[in-house]
**Student:** 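Just dropping this structure here.
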Amino acid sequence: MTYRIAMDFAILFLVTGLFLVLVFMRIRTGSIAEDYENTAEDLIYEIESGTASEERLEDVCAFLRVVSKENRETVYHVGEEPGKLALGKWYFIKGNGDLQVYVRQKLPLLLYGSECSAEFAFACTEEWKTMRREMIIFSLWYLGVVVVAVFVCYVLVRAVLRPIDEMSLQVSRLNLQNLHKERLNAEGSKAELKELAEGINGMLDRMEQAYEAQKQFVSEASHELRTPITVLQGYSSMLRRWGAEDKEVLAESIDAIESEAKSMQDLVEKLLFLSRHERRKLPFAKERFDMAEVVRELEKEMVYLTNTRNMQCSVCESVRVYGDKQALKQAIRVFLDNAVKYTDKGDTITLSCKNRNGACEITIEDTGLGMKREDLEGIFGRFFRADTVRGKNIEGHGLGLSIARLIIDGHAGKIMVRTQYTKGSCFTVTIPRQRGV
Ligand code: ADP
């Protein structure tokens, strides 16, 4: 990379040098030709005034031909016309290995009253050689400067690129095994590179967190699945040994297997929901609907499923909501299920739905177990179960509230919790009025 950049610079410098040489040559040849044009004009003046002697003309110019414009005849000439290798105003004649250079000037002149044209050829080999020498010296100097400049470029580019090279080496060494300990070294880098390195390190931190969370999720999901599988295995071996004969064991086993299968199905569905959400494949089918109706349906469901709790419901006439009806119903059901799970016989569960400043407010309150202050922070995390419920043989995987929160978040809603250990809990869900309502 460094080498390629240095080569690119070298080519750029050389092309610039070539251009400069051409410009320089153009200026020098132009000035030589101009000098001889002045000389030619002086000679024409002398010829016209009759003061030019043949010796003087032979001295100054290598060749002169005066041609009458009228009949194209040569009326006067001095010296021999140099060969024909002409390049514009310049003649180049190579003879005996030596280069002869002449510059040609053609000017009008009046000779004895008739219009003529005078063509001069001045020998300027020496000027040409001087110019060539200057050109060579300039080129050599320039080449020297190019070599130094390219070397300096190479050193600078290498110094600038070294940290990038190191970074790419470090990045190429990264893999899932060393993601937790390998980070780019931002120390000593220039400010912009430091920012880049810190940016990449930040990204690596986030990737590591996401990877760890994923690992944690898989391990906790496997752990959750392991319990029902163990129970199923236990009952199936019990059935194999005594179940066929013992009607009581048979009935108990079938009940247990049924309940564990249900629990597993519930867990797997929740896991699928979360993994779909993780991959952002959770499109909400939003529509306008009456939330009050949904809450009334949920109340009926609850009354049908549990008759040991005192259910109280206060639902206002109609609360229009714009959202995914089924998803929101699923979320409210989580709070209601919990209210049932974490209460005892005779406890009261109050469900209400009202319109508050255009937003829909649903409250699920219970007089059950409640939560400790320190548990409150974790309840929306995945697989979280408070210690106060763990030993109580209450079914659950600690996923319900995280799913409910995803759904409510997807509707720009809010969840508020009030709770007091042993006294009960109150979850308030607010779904704001959205465009389209
Ligand atoms: P699960 O109920 O399946 O354990 P959730 O995510 O629904 O999972 O709830 C997480 C935890 O929050 C519960 O394990 C429990 O400790 C606590 N919790 C939730 N709702 C209530 C409630 N109404 N009363 C007491 N504790 C609750």
Side-chain angles (χ1 to χ4, degrees), residues 213 216-217 219-228 231 259-275 277-278 295 298-299 301-302 305-306 308-313 327-353 361-410 413-429:
Q216 177 84 0
F217 182 70
S219 111
E220 278 168 343
S222 323
H223 183 77
E224 284 296 321
L225 279 167
R226 201 190 293 156
T227 319
V231 175
S259 135
E260 288 306 319
K262 201 172 147 291
S263 157
M264 269 169 80
Q265 187 190 17
D266 177 57
L267 173 62
V268 168
E269 268 165 19
K270 283 177 173 161
L271 289 175
L272 270 177
F273 183 95
L274 288 169
S275 89
H277 176 81
E278 215 89 295
V295 172
L298 282 166
E299 185 213 356
E301 236 177 66
M302 283 297 129
L305 287 175
T306 170
T308 54
R309 313 289 191 267
N310 175 20
M311 280 292 293
Q312 291 183 358
C313 194
L328 284 171
K329 196 172 182 182
Q330 184 187 353
I332 306 301
R333 200 181 275 130
V334 170
F335 299 108
L336 279 169
D337 281 347
N338 282 351
V340 174
K341 278 198 298 189
Y342 304 112
T343 47
D344 272 332
K345 270 186 202 160
D347 273 329
T348 306
I349 299 173
T350 313
L351 173 63
S352 78
C353 175
E361 191 181 273
I362 303 152
T363 312
I364 306 101
E365 192 168 0
D366 67 68
T367 55
L369 185 62
M371 286 171 268
K372 290 186 176 167
R373 183 184 276 270
E374 62 265 28
D375 291 333
L376 213 50
E377 283 172 15
I379 57 171
F380 292 101
R382 284 168 195 183
F383 297 104
F384 177 86
R385 303 208 79 200
D387 289 341
T388 46
V389 305
R390 279 198 184 270
K392 285 200 159 44
N393 196 22
I394 302 173
E395 208 182 280
H397 305 288
L399 292 174
L401 286 182
S402 51
I403 289 178
R405 192 170 73 171
L406 283 180
I407 296 171
I408 305 296
D409 280 354
K414 279 200 193 94
I415 307 172
M416 285 210 338
V417 195
R418 275 189 297 114
T419 185
Q420 200 177 350
Y421 186 48
T422 70
K423 295 275 189 275
S425 310
C426 176
F427 288 82
T428 306
V429 177

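We count residues from 1, following the sequence as given. Indexing begins at 1, ligand by ligand and atom by atom, following the structure's order.
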**Student:** Once rounded to the nearest 0.5 Å, what's the spacing between atom NZ of Lys270 and atom NE2 of His397?
**Tutor:** 6.0 Å

**Student:** Please list, by chain and number, the protein residues whose heavy atoms come under 4.0 Å of ligand 1.
**Tutor:** Asn338, Lys341, Tyr342, Asp366, Gly370, Met371, Ile379, Phe384, Arg385, Ala386, Val389, Gly396, His397, Gly398, Leu399, Gly400, Leu401, Ser425, Phe427

**Student:** Enter the distance from Ile403:CD1 to Arg333:CZ here, rounded to the nearest 0.5 Å.
**Tutor:**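 Result: 12.5 Å between the selected atoms.
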
**Student:** List the residues meeting ring-ring contact (aromatic ring centres under 6.0 Å, His included) with Phe217, not counting sequence neighbours, and say none if there are none.
**Tutor:** Phe383

**Student:** Could you state the interatomic distance from CD (Glu377) to CE (Met371), rounded to the nearest 0.5 Å?
**Tutor:** 12.5 Å

**Student:** Picking from Val295, Asp337, Val334, Leu351, what satisfies side-chain contact (heavy atoms from CB on, under 4.5 Å) with Ile364?
**Tutor:** Leu351

**Student:** What is the ring orientation for Phe335 with Phe427, classed by angle as parallel under 30°, tilted 30 to 60°, or perpendicular over 60°?
**Tutor:**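 It falls in the tilted class, 30° to 60°.
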
